[in-house]
Colleague: 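Have a look at this one before I ask anything.
Note that the numbering runs from 1 along the sequence shown for the chain.
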Amino acid sequence: MAATATGRPTLYPTLLYRDAQAAIAQLTTAFGFTRQAVYEGDGGVVLHAELAYGNGTVMLGSRRTEGAFARAMADAGPAGIYVVVEDTDAHHARAREHGVEILMPPTDQAHGSRDYMARDIEGNVWSFGTYAPATAG
């Protein structure tokens with residue numbers, strides 16, 4: 001992930017969920033993300049949340065109709081996100097232990113990475129593996 005001069009990443013995937021509370025629970029318990037911030041509105045609607053993994057962060061919220069981003073994402077389909085992990089097999093075992101739908105078990109790739117693929121509770125595809133793209137510097 002590219003970083004600013006302060007070392008902060010410059011890329012933050014952002015997802016909207018019908019049940020953002022359940023998504024936060026799955027991402028933290030099954031995939032090992034850490035809750036950084038969760039801002040809620042009336043009735044537990046997640047207005048904005050930030051979950052960290054390593055030096056990266058994913059932002060998410062509840063699907064709703066107000067706001068330009070919510071309107072732009074209204075008909076958006078699932079997303080695919082790749083996360084670099086230290087130990088693909090251990091990460092996979094944790095996800096499987098928590099009942100995550102596994103789309104591809106840990107597999108050695110031709111380019112030298114070891115990856116697995118899973119689907120979250122609302123259809124987004126998460127790939128976890130050891131491949132870390134080079135960054136321009």
Side-chain angles (χ1 to χ4, degrees):
M1 205 176 270
T4 64
T6 62
R8 292 188 191 141
T10 59
L11 183 65
Y12 295 89
T14 305
L15 303 168
L16 295 179
Y17 289 91
R18 286 181 297 279
D19 188 345
Q21 295 288 0
I24 291 168
Q26 183 186 49
L27 293 171
T28 56
T29 59
F31 293 147
F33 281 77
T34 303
R35 269 174 81 132
Q36 297 296 305
V38 177
Y39 303 96
E40 296 179 11
D42 295 335
V45 170
V46 177
L47 302 173
H48 176 82
E50 298 169 9
L51 304 179
Y53 193 94
N55 72 344
T57 300
V58 62
M59 297 187 297
L60 64 96
S62 297
R63 283 197 180 272
R64 54 190 195 282
T65 57
E66 70 247 14
F69 186 72
R71 286 190 300 276
M73 294 288 290
D75 295 324
I81 300 169
Y82 188 89
V83 180
V84 177
V85 297
E86 293 292 320
D87 184 335
T88 303
D89 294 279
H91 198 276
H92 168 262
R94 176 182 178 156
R96 191 180 65 225
E97 182 180 298
H98 287 281
V100 170
E101 178 186 358
I102 304 298
L103 303 174
M104 180 186 80
T107 304
D108 292 325
Q109 304 298 326
H111 57 275
S113 180
R114 184 162 177 78
D115 304 333
Y116 83 94
M117 196 178 336
R119 187 182 319 275
D120 74 19
I121 60 173
E122 292 197 16
N124 296 298
V125 175
W126 293 80
S127 297
F128 298 91
T130 57
Y131 179 73
T135 57

Colleague: Heavy-atom count around Tyr39 OH within 6.0 Å, excluding the residue itself: above 12?
Modeller: no
Colleague: Hey, does Gln26 have a side-chain heavy atom less than 4.5 Å from the side chain of His98?
Modeller: no
Colleague: First locate atom OG1 of Thr130, then atom CG of Asp108, and finally report the distance between them rounded to the nearest 0.5 Å.
Modeller: 8.0 Å
Colleague: Donor-acceptor pair, distance only, cut-off 3.5 Å: does the side chain of His91 make one with the backbone of Phe31?
Modeller: yes
Colleague: With a 4.5 Å limit on heavy-atom distance, are the side chains of Pro106 and Asp89 in contact?
Modeller: yes
Colleague: Do Tyr82 side-chain atoms and Tyr131 backbone N/O form a donor-acceptor pair below 3.5 Å?
Modeller: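 Pair found, side chain donor or acceptor close to backbone of Tyr131.
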Colleague: Taking Thr57 for the side chain and Tyr12 for the main chain, is one N or O donor matched with an acceptor at less than 3.5 Å?
Modeller: no
Colleague: Specify the closest pair of heavy atoms between Ala20 and Ser62, including all atoms of both residues, with the distance to one decimal.
Modeller: CB-OG, 3.5 Å
Colleague: Give a yes or no answer on whether the side chain of Glu122 reaches the backbone of Asp19 with a donor-acceptor pair at less than 3.5 Å.
Modeller: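 Confirmed, Glu122 side chain pairs with Asp19 backbone.
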Colleague: Would a hydrophobic clustering, with Ile, Leu, Val, Met, Phe, Trp and Tyr connected at side-chain separations under 4.5 Å, put Tyr53 with Val58?
Modeller: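 Same hydrophobic cluster.
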Colleague: If I compare all heavy atoms of Gly123 with all of Pro78, which pair ends up nearest, and what's the gap?
Modeller: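 Reported closest heavy-atom pair: O-CB, 3.2 Å.
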Colleague: Is there a donor-acceptor pair closer than 3.5 Å between any side-chain N or O of Thr88 and the backbone N or O of Arg114?
Modeller: yes
Colleague: Would you sort out whether Leu47 and Arg64 count as a side-chain contact (heavy atoms from CB on, under 4.5 Å), showing the intermediate values?
Modeller: CA-CA 9 Å; Leu47 302 173; Arg64 54 190 195 282; 4.1 Å; yes
Colleague: Which heavy atom in His92 sits nearest to a heavy atom in Pro105, and how many Å separate them?
Modeller: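 His92 and Pro105 have their closest heavy atoms at NE2-CA, 4.2 Å.
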Colleague: For residues Tyr17 and Val46, determine if any side-chain heavy atom of one lies less than 4.5 Å from a side-chain heavy atom of the other.
Modeller: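 SC-SC contact between Tyr17 and Val46 ruled out.
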Colleague: Show your reasoning for whether side-chain contact (heavy atoms from CB on, under 4.5 Å) applies to Ile81 and Leu15.
Modeller: CA-CA 10 Å; Ile81 300 169; Leu15 303 168; 3.6 Å; yes
Colleague: Arg63 side chain to Met73 main-chain N or O, any donor-acceptor pair under 3.5 Å?
Modeller: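 Yes; at least one donor-acceptor contact below 3.5 Å.
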Colleague: Which is it for Leu16 and Phe69 under the side-chain contact (heavy atoms from CB on, under 4.5 Å) test, yes or no, and what are the steps along the way?
Modeller: CA-CA 10 Å; Leu16 295 179; Phe69 186 72; 4.0 Å; yes
Colleague: Write down the atom of Val100, the atom of Ala30, and the distance for their closest heavy-atom approach.
Modeller: CG2-CB, 3.5 Å
Colleague: For Ala95 and Tyr116, work out which heavy atoms get closest and say how close.
Modeller: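 Looks like CB-OH, 3.5 Å.
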Colleague: Can you tell me how far CZ of Arg35 sits from CG of Leu27, rounded to the nearest 0.5 angstrom?
Modeller: 11.5 Å
Colleague: Specify the closest pair of heavy atoms between Phe128 and Phe33, including all atoms of both residues, with the distance to one decimal.
Modeller: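 Distance-wise, the nearest heavy atoms are CE2-CE1, 4.4 Å.
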Colleague: Could you tell me whether the side chain of Met117 reaches within less than 4.5 Å of the side chain of Ile102, counting heavy atoms only?
Modeller: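 No. Closest side-chain heavy atoms not under 4.5 Å.
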Colleague: Do Val83 and Ile24 belong to the same hydrophobic cluster, where Ile, Leu, Val, Met, Phe, Trp and Tyr are linked whenever their side-chain heavy atoms lie under 4.5 Å apart, directly or via other members?
Modeller: yes
Colleague: Which value, rounded to the nearest 0.5 Å, describes the distance between Glu50 atom CD and Gln36 atom CD?
Modeller: 7.5 Å
